[in-house]
Amino acid sequence: MRLEPRIASPAQTILYPVAAFAATFAFAALLVLLAGVSPLGVFRLVFLGAAGSQFALLETLTRATPLIFTGLAVTVAFRAKLWNIGAEAQLYIGAVVTVVLGTGAVAAPSWALVPLIALAAMLAGGLLLLGPALLKTRFGVDEVVTTLLLNFIVLLFVSLLLEGPLKDPMGLGWPQSQRVVAEAQWPRLVQGKRLHMGFAVAILAALAVWLMLARSVLGYEMRAVGHNAAAARFAGIPVNRVLALTALISGGLAALGGVAEVSGLKGNLTLDLSPGFGYTGIVVAMLALLHPLGVVASAIFVAGIFVGADAMSRAVGVPSYIAEVMTATALLTMGTAIVFTRYRIRWR
Amino acid sequence: MGQAAPVVLRLEGVTKRFGPLTANDAISFELRRGEVVALLGENGAGKTTLMSILFGHYLADAGRVEVEGRPLPPGDTRAALAAGLAMVHQHFTLADSMSVLENIALGTQPLWAPRLDRGRALARIREMSADFGLEVDPAARIADLSVGERQRVEILKALYREARVLILDEPTAVLTPQESEALFATLRRLVARGLAIIFISHKLGEVMAVSDRVLVLRAGRLVGERATADTDRHALAELMVGAEIPRPDIGPAQPGPMLVEMKGVTAGGLGPVDLALRGGEITGIAGVSGNGQAALAEVLSGTLAPQAGTLAIEGRAAGAWSPRAALAAGIARVPEDRHGVGVIGDMSVTENLVAEAYRAPAFSRRGWMKRPATRDFARRVIRDYEVKCPGPEAPARLLSGGNMQKLILGRALDGEPRIILASQPTRGLDVGAVAYVHARLLEARARGAAVLLISEDLDEIMALSDRIHVISRGRLSPPSARGELSIREIGARMAGLGFDHAA
């Protein structure tokens, strides 16, 4: 077996990703069959649980909100080939800044406090990624390792804060922060439902990232650095500066996801604020083929699978882990589909 | 020799297509014991593809290969090696940190053999070295060897495996003229012992010197087969190129002011060197690859700052040195590695064309790119520099080597720069593109630009340069004027003679 490069036809570039999704569902169906349940029934329940009612749909969009932020963070970084595996840590730092500033330390009206917290959190998240980026450009330290390990360090740091200085005195001893004040909260988008302003901000962020990558000087520089750093350097593009700015933007986007989760949804900071949004953001970004607008779609898809699988597992005896299996399978099949569009497979 | 010798390799109708391009079109030939067959053709004529099919790296769309009468299974590299085919690549495939002995014996013994039978291996290598004039110390580490010695190791490796067909891919590209002579002597001894050799080249002189028969490839087709004794360089050149290519007409130089002056510059394996470039002149740097050309090019490009010495551009000392500083000083750069450094393959032709100037007010404002302006610029350069491409938005990787080089030339030369660095500007290009690059460089010379031409193609250097320096082990020879030195004298300098390396 060998691979030969080729230029895929437009039909192939559509067909292969569609086939990837079909393969994902086929594989999940196989597992569901092994559990002794009808796959079609299960998929129907997953779909109804994700989009079968207004409540389900809003829940899916709520779940998609942090994934859009982390997905965008990963997209920006990966486009410049800065391998940011630390969106999880950056999201938590954003949440920490939110409760530090938003639980009464700063008294300001909502129109000032909300942007202030957002900007401060983005700066903190950006700086958290700037460290690994500088280590990479100055000393050649692999940022995959540093950003990945920072996730654990930051989570332990958050744990320390929640057991110490940020611990809610009224929290009955639970490791949780105080709730943010009303002025720091993000409004709900639908009265009485959980969907909040964060979703709208996420959509705007996706548009902004798309515009930046496609049209701005910085976006041009980032793409050039990502596609061929040696050629970019030769042409006079300041590669290290571009990577530093990329880190600030990427870390900032992930941190904004943390702000949205605390200010828009949870109200306070706990150690289970994120069930791995930072890592799932990588899946979201890869499924979107690193396109910022595609991130919105793929985040909603992934969130829908998770929300739908939760609902489904309550109704029939198939564990909701099927959602993890499906997103992981989708990633693998999509990766394979990309190889198929770029290369012709020859069997001898 | 002669027609009586048995056929060791037979190709029949070998055809290979890559999309619309036919890289090999129904190629058939025979190779007999004890002969050297030269495979002559321009870059891109299909020589490399043909050899890749032989070794199973590619699958032919049609045709068959026989070795000593037995069909060779397609797409099976191991089978090709087992059948006695061996290839010496342009880029050697040796393990740098291992000894000559280990490299030669590597892969010839079963994996589960407890240890190398050094004594036997050593004896065989010594014997082969002596028999064929392949002088090399079996205990030396590859990293310590010269390029010529490494090539000998590659040939020994093939002989150790009892190769019956030896394929040499442009073996002289990395050798001095004297080393090439030694190689040819070795090849004659090898064929005398019954080996068959395919000698891939596009240099007519050596093809005439070393081969018994010449096969000429052009645009994927076998366009001619001649006994070397019955042909001459001129006839072969016409076969290879298809039409007479006019030599550029070079008038006398009109030396202008001193535009670049390097004094005692050292940087990454280069120097200390003194170099002066005048307007209206092409200064050529001849030398065997890996003698400091890359560092010299990098210094002038701005990607490498001098560690010591002074660099003055138009009389002013260069300050903090970077690619941007070099561009701002008016230096146009054509890099050696087109694919890796010259263009960003996954970005569009337009985006590549503005890569050095995107910050100029013409192309961006307040952090946003002016897309219509960049596209108009790209359209104009594509037209002016005859870049053949599907359009300004097509990814640059779709361009052929020649068109990629035209893109780079367009980007570098469009602003009529005063100083031009062209590093290996025609390597791997077809004749038409070579002529185009030469014409553009001569045009720049005519309008008073200083051109530094770094090339491993001695003919190119001799044809274009008003002054020639030879580079050897990071040092530059004193300049010689056009026609002052013969090709042999330059070859001697390339081998390091006449240099004071101790200084």
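Numbers restart at 1 for each chain; the letters A, B, ... are given by sequence-line order, proteins then strands.
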| Is there a side-chain contact between Val65(B) and Glu12(B) (heavy atoms, below 4.5 Å)? | no
| Step by step, would you call Thr24(A) with Thr329(A) a side-chain hydrogen bond (donor to acceptor under 3.5 Å, both in side chains)? | CA-CA 6 Å; Thr24(A) 303; Thr329(A) 318; 5.9 Å; no
| So Arg380(B) and Asp414(B), salt bridge (Lys or Arg N to Asp or Glu O under 4.0 Å) or not? Walk me through it. | CA-CA 10 Å; Arg380(B) 189 174 63 70; Asp414(B) 191 64; 2.8 Å; yes
| note | Pair count under 4.5 Å, heavy atoms only, with chain B: among Ala230(A), Ala224(A), Gly219(A), highest is Ala224(A)
| message | Checking an interface table here. Which of residues 344-355 of chain B come within a heavy-atom distance under 4.5 Å of chain A? | response | Ile344(B), Asp346(B), Met347(B), Glu351(B), Val354(B), Ala355(B)
| message | So Leu54(B) and Leu50(B), do their side chains get closer than 4.5 Å, heavy atoms only? | response | no
| remark: Per-residue tally against chain B (heavy atom, under 4.5 Å) across Arg223(A), Arg215(A), His227(A) peaks at Arg215(A)
| message | Side chains of Leu72(A) and Val295(A), heavy atoms from C-beta outward: is any pair under 4.5 Å? | response | yes
| Between the main-chain N or O of Ala20(A) and the side-chain N or O of Thr333(A), is there a donor-acceptor pair closer than 3.5 Å? | yes
| task | Output the residues of residues 324-339 of chain B for which the shortest heavy-atom distance to chain A is under 4.5 Å, in residue-number order; output 'none' if no such residue exists. | result | Arg324(B), Leu327(B), Arg333(B), Pro335(B), His339(B)
| Which region of Thr303(B), side chain (C-beta onward) or backbone (N, CA, C, O), has a non-hydrogen atom less than 4.5 Å from a non-hydrogen atom of chain A, or is it both or neither? | side chain
| query | What distance do Met122(A) atom CE and Ile249(A) atom CD1 have between them, rounded to the nearest 0.5 Å? | reply | 8.5 Å
| Which residues from residues 357-367 of chain B are near chain A, with near meaning under 4.5 Å between non-hydrogen atoms? | Tyr358(B), Arg359(B), Ser364(B), Gly367(B)
| said: For a 4.5 angstrom cut-off between non-hydrogen side-chain atoms, does Glu143(A) reach Asn84(A)? | reply: no
| Looking at side-chain heavy atoms only, is the closest gap between Tyr220(A) and Trp368(B) below 4.5 Å? | no
| query | How far does CG of Leu213(A) sit from CZ of Arg79(A), to the nearest 0.5 angstrom? | reply | 5.0 Å
| Which residues pass the ring pair (Phe, Tyr, Trp, His ring centres under 6.0 Å) test with Trp83(A), sequence neighbours left out? | Phe78(A)
| field | Any donor-acceptor N/O pair, Ser250(A) side chain to Ala247(A) backbone, under 3.5 Å | value | no
| query | Which answer fits Ala229(A), side chain, backbone, both or neither, if we ask what part of it has an atom under 4.5 Å from a heavy atom of chain B? | reply | neither
| request: State, yes or no, whether a side-chain contact exists between Tyr385(B) and Leu407(B) at a heavy-atom distance under 4.5 Å. | output: no
| task | Search all heavy atoms of Pro392(B) against all heavy atoms of Ala378(B) and return the closest pair with its distance. | result | CB-CB, 4.1 Å
| field | Glu356(B) side chain reached by Arg411(B) side chain, heavy atoms, under 4.5 Å | value | yes
